[in-house]
Engineer: 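Before I ask anything, here is the structure I am working with.
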Amino acid sequence: MDSAPPTSSASPPLHGLAALAHAAAHPADASCRCPSGLVGVLADRDDGTVVRHGALVAKAHAPGTDPEAHRARLALAAHRDVDGVFLPPLALPGSGADALDGRPVTLWPYGPPVDPEDPDAAPWEEAARLLALLHRTPPPPGGTGRLPDMRAPAKAALAVDRMRRTAPDHPATGTVLDAWRTVPEAPATYRLLCHGDFHLGQLVRATRPAPGSGAGARVDAPTAWRLIDIDDLGLGDPAWDLARPAAWFAAGILPPEIWSRFLGAYQEAGGPAVDADPWGRLDVPARALTVQTAALALAKSTVERRPLDEVEEVMIDTCARIAGHRTG
């Protein structure tokens, strides 16, 4: 995932977030009988801290999150028009704060994620259909003026800036910058609902509480797939939501048959991000996501003082091909 390096498990919001999740999962003064495997930290990074308590998940969003944009994104995720696309947010407990250390806090149902150990079962077609449904959904009436831009183009630029600061002397930095120069500024031609950071880690199964159980108890069998993570949600060009799989396919990481299944399912579902010539719309976003992935790889490997791994090397090589075949 394109994220910041992990922080210490003692980061400021962690204990408060765990207390909030406990309060939401159990009635006041009720003891917790949740199995230990269902309570714990799911992520603790600079861009988000997430804890689970039974059937609930609490998240402290990134420091510096714009409060107004966050509220607009959260309201959209809760809107009935996207009920079949996003996992819906839950109300915070009455005594719970909506921020910790200045970081917005949200509460969600827990959903089992995609199993990284079973790539053959990855729900590519289901993901494509969810994206197509999101892209085809008109922005809620009255919400268009409040909805922010989706953040995909901005995140690519931020990754390049991070590389410049962190790895200015890396031998591959010049290659990535050459590829970045082929990426024109994204025009504001399209104003459709977009996820803004799609990858398989943004999918979970919706679940139902086991009959007769409390909110914090073990959950029933999973149901349909849903999208999660509202932090980059907004209006923009939906081609950016297809850009990461497109970049992986172009780099040779995603097999052609999987790319064909994903793109075909999206087109069959009426997704508006591509037309008869998919790469006419996908080329620039895919190049940008290739650069973003490579830039983050250089930044992270430099900080961690380790060599690039095989996939990271592939993305650097793909940047070299992009720089040698400039089209924008």
Engineer: Between His22 and His26, how do the two ring planes meet: parallel, tilted or perpendicular, split at 30° and 60°?
Structural biologist: tilted
Engineer: Answer yes or no: is there a side-chain heavy-atom contact under 4.5 Å between Val57 and Pro109?
Structural biologist: no
Engineer: Taking atom types as modelled, find out whether Asp81 and Thr137 have a side-chain donor-acceptor pair closer than 3.5 angstrom.
Structural biologist: no
Engineer: Do Arg164 and Asp161 pass the salt bridge (charged side-chain N to carboxylate O under 4.0 Å, His left out) test, and can you show the C-alpha distance, the side-chain angles, and the key distance before you say yes or no?
Structural biologist: CA-CA 5 Å; Arg164 285 188 172 116; Asp161 289 343; 3.4 Å; yes
Engineer: Is the shortest heavy-atom distance from the side chain of Ile253 to the side chain of Thr318 under 4.5 Å?
Structural biologist: no
Engineer: Do Ile230 and Val204 share a hydrophobic cluster (ILVMFWY, side-chain heavy atoms under 4.5 Å, transitive)?
Structural biologist: no
Engineer: Supply the atom-to-atom distance Thr293 OG1 to Leu298 CG, rounded to the nearest 0.5 angstrom.
Structural biologist: 11.0 Å
Engineer: Picking from Val274, Leu131, Leu192, what satisfies side-chain contact (heavy atoms from CB on, under 4.5 Å) with Pro238?
Structural biologist: Leu192
Engineer: Under 4.5 Å between any side-chain heavy atoms of Leu254 and Trp124, yes or no?
Structural biologist: yes
Engineer: Could you verify whether a donor N or O on one side chain and an acceptor N or O on the other, from Thr106 and Trp108, lie under 3.5 Å apart?
Structural biologist: yes
Engineer: Any side-chain heavy-atom pair from Ile258 and Phe249 closer than 4.5 angstrom?
Structural biologist: no
Engineer: Determine whether Trp248 and Val314 fall in the same hydrophobic cluster, where Ile, Leu, Val, Met, Phe, Trp and Tyr are linked whenever their side-chain heavy atoms lie under 4.5 Å apart.
Structural biologist: yes
Engineer: At what distance, to the nearest 0.5 angstrom, does OG1 of Thr49 lie from CG of Leu17?
Structural biologist: 7.0 Å
Engineer: When rounded to the nearest 0.5 angstrom, what is the spacing between NE2 in His195 and CG in Leu203?
Structural biologist: 8.0 Å
Engineer: What I'd like to find out is whether the side chain of Val105 reaches to under 4.5 Å of the side chain of Lys59, using heavy atoms alone.
Structural biologist: no
Engineer: Flag the pair Asp231 and Arg73 as a salt bridge only when some basic side-chain nitrogen lies within less than 4.0 angstrom of an acidic carboxylate oxygen.
Structural biologist: no
Engineer: Could you report the tightest heavy-atom contact between Gly54 and Val39, atom names first, then the distance?
Structural biologist: N-CG2, 4.3 Å
Engineer: Given Thr173 and Met163, is the side-chain contact (heavy atoms from CB on, under 4.5 Å) satisfied, shown in steps?
Structural biologist: CA-CA 7 Å; Thr173 294; Met163 178 191 68; 3.8 Å; yes
Engineer: What closest approach, in Å, do His53 and Ala25 show between heavy atoms, and which atom pair accounts for it?
Structural biologist: CD2-CB, 3.6 Å
Engineer: Phe86 and side-chain contact (heavy atoms from CB on, under 4.5 Å): which partner among Leu130, Leu76, Leu134, Ile228?
Structural biologist: Leu134
Engineer: Any chance CD of Glu257 has more than 12 other-residue heavy atoms, nucleotides or ligands included, within less than 6.0 Å?
Structural biologist: yes
Engineer: Got Val160 and Gln292 here, is their nearest side-chain heavy-atom distance under 4.5 Å?
Structural biologist: no
Engineer: Between Ser301 (side chain only) and Pro307 (backbone N and O only), is there a donor and an acceptor less than 3.5 Å apart?
Structural biologist: no
Engineer: Check for a donor-acceptor pair, side chain of Arg129 on one end and backbone N or O of Glu268 on the other, with a separation under 3.5 Å.
Structural biologist: no
Engineer: Nearest 0.5 Å, please: how far is CZ in Arg162 from CG in Leu158?
Structural biologist: 10.0 Å
Engineer: Taking the six-membered ring of Tyr190 (Phe, Tyr or Trp), confirm whether the NZ or CZ of Arg281 is under 6.0 Å from its centre and within 45° of its axis.
Structural biologist: yes
Engineer: Please find the pair of heavy atoms, one from Leu56 and one from Ala21, that lie closest to each other, and give the distance.
Structural biologist: CD1-O, 4.4 Å
Engineer: Identify the two heavy atoms, one from Ala323 and one from Asp178, that lie closest to each other, and give their separation to 0.1 Å.
Structural biologist: CB-CB, 3.6 Å
Engineer: Can we say Glu126 and Arg226 salt-bridge, meaning some charged N sits less than 4.0 Å from an Asp/Glu carboxylate O?
Structural biologist: no
Engineer: What are the two closest non-hydrogen atoms of Gln267 and Asp275, and how far apart are they?
Structural biologist: NE2-O, 3.8 Å
Engineer: Shortest non-hydrogen contact from Gly196 to Ala152?
Structural biologist: O-CB, 3.4 Å
Engineer: I'd like to know if Lys155 pairs up with Asp197 as an ion pair, taking the criterion as any Lys NZ or Arg NE/NH1/NH2 lying under 4.0 Å from an Asp or Glu carboxylate oxygen.
Structural biologist: yes
Engineer: Without hydrogens or angle criteria, can the side chains of Thr65 and Arg103 be said to hold a donor-acceptor pair below 3.5 Å?
Structural biologist: no
Engineer: Phe262 vs Phe198 aromatic rings, parallel, tilted or perpendicular, using cut-offs 30° and 60°?
Structural biologist: parallel
Engineer: Tell me, with the steps shown, if Thr302 and His170 meet side-chain contact (heavy atoms from CB on, under 4.5 Å).
Structural biologist: CA-CA 8 Å; Thr302 299; His170 195 288; 3.9 Å; yes
Engineer: When rounded to the nearest 0.5 angstrom, what distance separates OG1 in Thr290 from CZ in Arg321?
Structural biologist: 8.5 Å
Engineer: Heavy atoms, side chains only, cut-off 4.5 Å: are Thr182 and Val291 in contact?
Structural biologist: no
Engineer: Do Val51 and Leu87 land in one hydrophobic cluster if side-chain heavy atoms of ILVMFWY residues count as linked below 4.5 Å?
Structural biologist: no
Engineer: Please report the interatomic distance CG(Leu233) to CG(Leu193), rounded to the nearest 0.5 Å.
Structural biologist: 7.0 Å
Engineer: Answer yes or no: does atom CZ of Arg306 have more than 12 heavy-atom neighbours from other residues, nucleotides or ligands under 6.0 Å?
Structural biologist: yes
Engineer: Examine the side chains of Asp241 and His135 and answer whether a donor and an acceptor come within less than 3.5 Å of each other.
Structural biologist: yes
Engineer: Does a side-chain heavy-atom distance below 4.5 Å link Val176 with Trp180?
Structural biologist: no
Engineer: May I ask you to decide whether Arg191 forms a salt bridge with Asp237, counting only side-chain N to carboxylate O separations under 4.0 Å?
Structural biologist: no
Engineer: Donor-acceptor pair, distance only, cut-off 3.5 Å: does the side chain of Tyr266 make one with the backbone of Ala273?
Structural biologist: yes
Engineer: Would you check, one step at a time, whether the test side-chain contact (heavy atoms from CB on, under 4.5 Å) holds for Glu312 with Ile316?
Structural biologist: CA-CA 6 Å; Glu312 292 169 338; Ile316 300 297; 5.6 Å; no
Engineer: Using a strict 4.0 Å threshold on nitrogen-to-oxygen distance, state whether Asp83 and Arg80 make a salt bridge.
Structural biologist: no
